[in-house]
Amino acid sequence: MPDKIPDLETFIEGVRKRNPGQDEFVQAVEDVAQDIIPFVADHPEYHEAEILRRLAEPDRIVSFRVCWEDDDGNVRVERGWRVQNNNAVGPYKGGLRFSENVNESVLKFLAFEQTFKNSLTGLPMGGGKGGSNFNPKGKSDREVMRFCQSFMSELFRHIGPDRDVPAGDIGVGTREIGYLFGQYKKLTGRWEGVLTGKASEYGGSKLRTEATGYGVVYFLREMLKDRDEGLEDKSAVISGSGNVALHAAEKLIGEGAKVLTLSDSDGFIHDPDGIDEEKLDWVKTLKIEKRGRISDYADKFDGAEFHEGKAPWAVDCDISLPCATQNELDDGGAKALLDNDVMAVVEGANMPSTADASARFRKSDILFGPAKAANAGGVAVSGLEMSQNSERVSWDHEKLDTMLTGLMQDIHDKCVESGTDDDGNVDYVRGANIAGFRKVADAMLAFGVV
Ligand code: NDP
């Protein structure tokens, strides 16, 4: 018989010891373990098979050198990784992140989270994540191309449509996916659905670009419905101005909400008049085409202010969507939002709330939507891109939007089913953790100890 179920502290102490210095990874495991350990107490079969302990140990981590030459002829050396966390319910699936802040801990946390998120979508996808400490900011297109080609020259050995299907994430958009896909095709001689987030001309799914941001808003809409509330006239504070933030903003504006803020790594802009469709189009050109800085918004639009080096959490609002990066919303930010009577906080980024902030939200009576449920729309449409690629078909925007809406409703309902307390309150974090865990755990039980 295995030892008795450890308490959370003992379990996490073990995780910390086995993963020294990997704070983000330990934080992500703790976030899940705090709900799974009590759940497993009523389901000894999961404990006997040590499912949680096995999930917190990636299937494998590939780490490799990436050399490339910059425009001045200097040789640059970066590090690349692919973390394949778990493939119990389908091929590994998860994005690639290129940012100077990438390290093994960050990618392990993201791959771990991805396993539960992908399970929640109900689609056959395991969890993985990868990337590099290469920073594409300020690099020419040719430099980015050479880096991507070198990165793929190693990665191609470890991926495949039935094995591991990467996508984009921070610093990896359509341009990078294009270069990566081109090199994969060159090296293997095969056109196959090995990457998602491709452009529509060569197998990309319609709606993939918008899916994460739109999905966040669809999830929020479902949460509000349960309280007989809607999005019309609600004020919203959004962080980030990348793929997720801009499409969440677009959908919110379309639903009649008033978006007050956006941000980037320099600070945030506050527009008390609201960012309307026209202003948002301007931001899209600024951030996507020109790769510019959000501070320019305040110079362009009267009444808007730029707050350098600050996050937007103290701005009074009904709804807050952190959509930039991990641990961007700390306890002080959470307190400020609650002091201003925020109604809902829904995570567009992965693990944007620190452990303290998350605990504070869970203790309050606001609607708190965790990333692994709320931002699953992107990977869900990636899953649909895989299906379209293998069937050699291309579905239209409307069909995909209906599917995305249905998938987000379904994820919402799973959270409610597994996360409803005796008093009828829904703890979406617990609901997402348990529902995501269960499917993967049952598959692992079926496979035996491997
Ligand atoms: P992008 O690269 O498109 O945008 C990231 C945004 O976050 C930029 O505005 C960037 O500002 C800002 N940002 C990055 N680092 C920091 C920082 N340290 N402090 C403040 N702001 C920062 O990425 P995405 O929009 O794709 O991803 C955002 C988040 O959503 C990530 O957590 C990602 O993992 C998650 N996510 C993304 C999905 C997708 O489909 N794209 C799917 C699911 C989750 P700057 O311009 O200055 O770099």
Checklist entry - Does E385 pair with R208 as a salt bridge, N-O distance under 4.0 Å? => result no

Next on the checklist: Determine whether V62 and W81 satisfy the following criterion, side-chain contact (heavy atoms from CB on, under 4.5 Å), listing intermediate values before the conclusion.
Outcome noted: CA-CA 5 Å; V62 186; W81 289 269; over 6 Å; no

Item to check | I5 and F11, any side-chain heavy atoms less than 4.5 Å apart | outcome: no

Next on the checklist: Please determine whether the number of non-hydrogen atoms from other residues, nucleotides or ligands lying under 6.0 Å from atom CZ of R175 exceeds 12.
Outcome noted: yes

Next on the checklist: We want to know whether D7 and T10 form a side-chain donor-acceptor pair, criterion being a heavy-atom distance below 3.5 angstrom.
Outcome noted: yes

Checklist entry - Between R360 and D356, is the closest basic N to carboxylate O distance under 4.0 Å? => result no

Item to check | side-chain contact (heavy atoms from CB on, under 4.5 Å) evaluation trace for L220 with M408 | outcome: CA-CA 9 Å; L220 165 65; M408 296 315 295; over 6 Å; no

Checklist entry - So, do R293 and S265 sit near enough that their side-chain heavy atoms are less than 4.5 Å apart? => result yes

Next on the checklist: Any salt bridge linking R362 with D35? Criterion: basic side-chain nitrogen under 4.0 Å from a carboxylate oxygen.
Outcome noted: yes

Checklist entry - Taking atom CD of Q326 and atom CG of N350, what is their separation to the nearest 0.5 Å? => result 8.0 Å

Checklist entry - Judged by modelled atom types alone, do S132 and E78 share a side-chain donor-acceptor pair under 3.5 Å? => result no

Item to check | Side chain proximity check, N327 to Q27, heavy atoms < 4.5 angstrom | outcome: yes

Item to check | Non-hydrogen side-chain atoms of I294 and D266 separated by less than 4.5 Å | outcome: no

Checklist outcome for this item: Distance col, row I238:CD1 vs L252:CG, nearest 0.5 angstrom, shows 5.0 Å

Checklist entry - Looking at K234 and E229, does any basic side-chain N land under 4.0 Å from a carboxylate oxygen? => result yes

Checklist entry - In terms of the angle between their ring planes, are F268 and H270 parallel, tilted or perpendicular, with boundaries placed at 30° and 60°? => result tilted

Item to check | Minimal non-hydrogen separation, A314 against N340, with atom names | outcome: O-ND2, 3.3 Å

Next on the checklist: Strictly by ring pair (Phe, Tyr, Trp, His ring centres under 6.0 Å), give each pair with a member in residues 151-173 just once, sequence neighbours left out.
Outcome noted: F64-F151, F98-F151, F147-F151

Checklist entry - For D318 and S235, does a side-chain donor sit closer than 3.5 Å to a side-chain acceptor? => result yes

Item to check | Over all atoms of both residues, closest heavy-atom pair of Q183 and S153 | outcome: NE2-OG, 3.2 Å

Next on the checklist: One thing to verify: whether D339 and K335 come together as a salt bridge, which I'm taking to mean a side-chain N less than 4.0 angstrom from a carboxylate O.
Outcome noted: yes

Next on the checklist: To check you understand the geometry: which heavy-atom pair defines the closest contact between I177 and G197, and what is its length?
Outcome noted: CG2-O, 3.7 Å

Checklist entry - Is the shortest side-chain N to carboxylate O distance from D401 to K206 below 4.0 Å? => result no

Checklist entry - Is there a side-chain contact between M444 and L55, using heavy atoms and a 4.5 Å cut-off? => result yes

Item to check | Residues D59 and R54 bridged, charged N to O under 4.0 Å | outcome: no

Checklist entry - Of the options L404, T209, T196, which is the one that meets V381 in a side-chain contact (heavy atoms from CB on, under 4.5 Å)? => result L404

Item to check | Salt bridge E13-R16, side-chain N to carboxylate O under 4.0 Å | outcome: yes

Checklist entry - Yes or no on side-chain contact (heavy atoms from CB on, under 4.5 Å) for I269 and S263, after CA distance, side-chain angles and deciding distance? => result CA-CA 6 Å; I269 56 103; S263 74; over 6 Å; no

Checklist entry - Which heavy-atom pair separates P58 from V83 by the least distance, and what is that distance? => result CB-CG1, 4.0 Å

Item to check | Among V426, I411, D427, the one residue meeting side-chain contact (heavy atoms from CB on, under 4.5 Å) with V416 | outcome: V426

Item to check | Y218 ring center near H412 ring center (under 6.0 Å) | outcome: no

Checklist entry - Distance only, no hydrogens: is a donor on one side chain within 3.5 Å (strictly under) of an acceptor on the other, for K129 and N85? => result no

Next on the checklist: What I'd like to find out is whether the side chain of K117 reaches to under 4.5 Å of the side chain of K93, using heavy atoms alone.
Outcome noted: no

